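To start, the structure itself, in structure tokens.
Owing to the predicted nature of the structure, the values given are computational and were not obtained by experimental measurement. We count ligands from 1, going down the list as the structure has it; atoms in each ligand are counted the same way.
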Amino acid sequence: MGKFDIKSMPQWDYLEKSYNQIKKFHLRDLFKDENRFSEFSIQDDNIGVTFDYSKNIITTDIFKLLIDFAKASNVNEYAKRMFSGEKINWTEKRAVLHTALRNRSNTPVYVDGKDIMPEINSVLLKMETFSNDLRSGRWKGVTGKKITDIVNIGVGGSDLGPKMVCEALKYYSDGPNVYFVSNIDSADIYEVLKRLSPETTLFIIASKTFTTLETITNALTARNWITEKLGDKAIASHFVALTASIKKVLEFGIDKNNIFKFWDFVSGRYSLWSAIGLSIVCSVGFDKFVELLDGAHYIDQHFLNAPYERNIPVIMAVLGFWYNNFFGASTHAILPYSQYLNRFPAYLQQSDMESNGKTINIEGDRVDYDTGPVIWGESGVNGQHSFCQLIHQGTKFIPCDFIGFVNPLEKIGDHHEKLMANYFAQTEALAFGLTKKQVINNLMAMGLSFPDIEFLASHSVFEGNKPTNSILIDKLTPKTLGVLIAIYEHKIFVQGVMWRINSFDQWGVELGKVLANVILPELKSHVDNKHDSSTKNLIGIFNSKKNRDL
Ligand code: F6P
């Protein structure tokens with residue numbers, strides 16, 4: 001592939017000109033068109049999803065230009081290459097096949113000439129058998145007791161995905177309690193283990209590489225905790241491993257029958273569909289896990305086959321690109337109006353920021369445009385009572401996604417209507433705001449007199465024109481959760497293609513790991529170190545104060 005600059009694409013130029021034009025308009029003006037919602041929304045009754053993107057700062061022409069940009073970037077061709085097992089992760093020379101893990105049609109998928117579906121299906125079967133045994137009590141701890149508690153030890157993709165899904169599907173959980181330990185800070189494992197009994201606890205050690213310092217340190221602590229109470233023979237009934245590195249697991253001492261394999265073609269942050277999902281399966285049962293896979297598979301087909309103009313991940317991606325590269329938006333907020341989805345923003349932080357936080361393009365050159373935004377958020381309505389002030393009236397421009405559900409899982413009083421009234425109100429307020437004239441009328445109606453009105457009016461103005469997407473789903477089920485996650489996965493993929501970066505490597509996490517390994521011995525024995533004056537002095541203070549009773 002020759003040198004190529006996306007800014008030299010004619011669509012870039014047109015979009016820049018369009019940005020200068022659209023700046024003069026407000027969403028209030030754009031909504032004078034009565035057909036706006038029908039033009040800029042998608043309703044899919046097969047999965048019970050409405051995607052409303054009408055409250056974005058776009059016109060018909062701008063939308064067409066954005067879609068043209070995605071077409072000119074060959075998104076669909078890249079997607080086909082990904083789904084067919086081509087090694088699109090070019091820096092690690094790996095295929096990217098999380099889509100094969102949920103390939104419910106079971107059509108062959110080849111990596112290096114070998115169909116990988118039989119192996120994927122055999123691991124799924126092993127997960128089914130194991131989870132049935134565990135949940136029914138056929139699988140017992142070494143003293144013959146049923147396992148009541150599971151601790152998943154992993155970090156990054158080996159933690160965030162299964163933790164988010166277990167939390168999201170808590171309502172459906174009828175299996176053992178599931179805990180997650182990820183931090184190397186001993187507080188994490190200490191606070192979990194203090195409530196549990198070794199006789200009834202199973203550890204799932206989740207690590208693709210089985211070398212990650214955090215995970216191996218926590219796994220060793222867990223192993224000591226088990227063997228001190230129950231002896232070495234307990235390891236076989238209290239530890240299982242989820243990994244792509246079988247040899248390292250065997251060295252650690254976990255029984256070979258207790259290994260659930262996944263593969264190099266699954267990136268950590270896209271791995272919840274693989275054996276990494278074992279904690280999910282134990283919590284909600286295998287059938288519900290399959291429903292999750294079904295939902296994601298549905299979106300895989302939608303992504304591959306729907307025209308760009310009706311393709312939800314493509315549309316989300318081009319809108320994000322529009323704000324990121326032309327409006328200068330450096331962050332994007334995610335607000336799920338569901339307590340069950342409270343880990344969703346944290347999950348997306350890894351999947352999006354580890355994927356698209358890159359500076360070097362496919363030619364190995366530094367890009368001269370912005371790539372992945374900062375992803376952040378919180379469940380609504382909690383966000384409204386913390387950071388939403390800034391989104392409404394601050395100086396930053398922050399596009400947001402609002403995710404809501406038509407039906408609650410538990411109907412208690414009018415909680416859900418009150419929750420959803422806020423969901424609808426936020427996007428309306430963000431889009432249309434409140435003019436000074438409206439503010440003055442409101443204050444007058446409240447009986448305020450004029451000096452007070454004058455004093456308060458400018459503070460109470462909402463400029464509006466803040467773009468949002470609304471994703472409104474009939475109900476939170478394993479299937480619709482699979483749909484939602486896959487939509488975001490493909491959105492991230494499309495943006496990576498448009499920015500011409502590798503969304504599937506993560507070299508940026510390496511340097512910190514290397515330096516931590518250099519520093520660790522310096523904290524254990526007071527050796528002279530060769531760091532910069534700041535790091536050197538901080539380490540010196542740490543070493544001189546540690547173990548002192550402060
Ligand atoms: O944070 C870096 C990373 O490599 C992630 O990409 C990955 O999800 C995480 O560490 C955990 O890696 P592993 O599963 O190999 O322990």
List, one per line, each side-chain donor-acceptor pair under 3.5 Å for residues 121-129, sequence neighbours excluded.
| unit_1 | atom_1 | unit_2 | atom_2 | d |
| --- | --- | --- | --- | --- |
| N121 | ND2 | N106 | OD1 | 2.9 |
| N121 | ND2 | M117 | O | 3.2 |
| S122 | OG | E119 | O | 3.2 |
| K126 | NZ | N257 | O | 3.0 |
| K126 | NZ | I259 | O | 2.9 |
| T129 | OG1 | L125 | O | 2.9 |

Within-4.5 Å side-chain heavy-atom neighbours: R269 and D352: no
Residues that H238 engages under ring-ring contact (aromatic ring centres under 6.0 Å, His included), provided they are two or more places apart: none
Pairs involving residues 271-296, ordered by first then second residue, that meet ring pair (Phe, Tyr, Trp, His ring centres under 6.0 Å) (sequence neighbours left out): none
Mutual orientation of the aromatic rings belonging to F327 and W322 [parallel < 30°, tilted 30-60°, perpendicular > 60°]: perpendicular
Under 4.0 Å from ligand 1 - residues by heavy atom, chain and number: V155, G156, G157, S158, S207, K208, T209, T212, G268, Q350, E354, Q506, V509
Any side-chain heavy-atom pair of L134 and P176 under 4.5 Å: yes
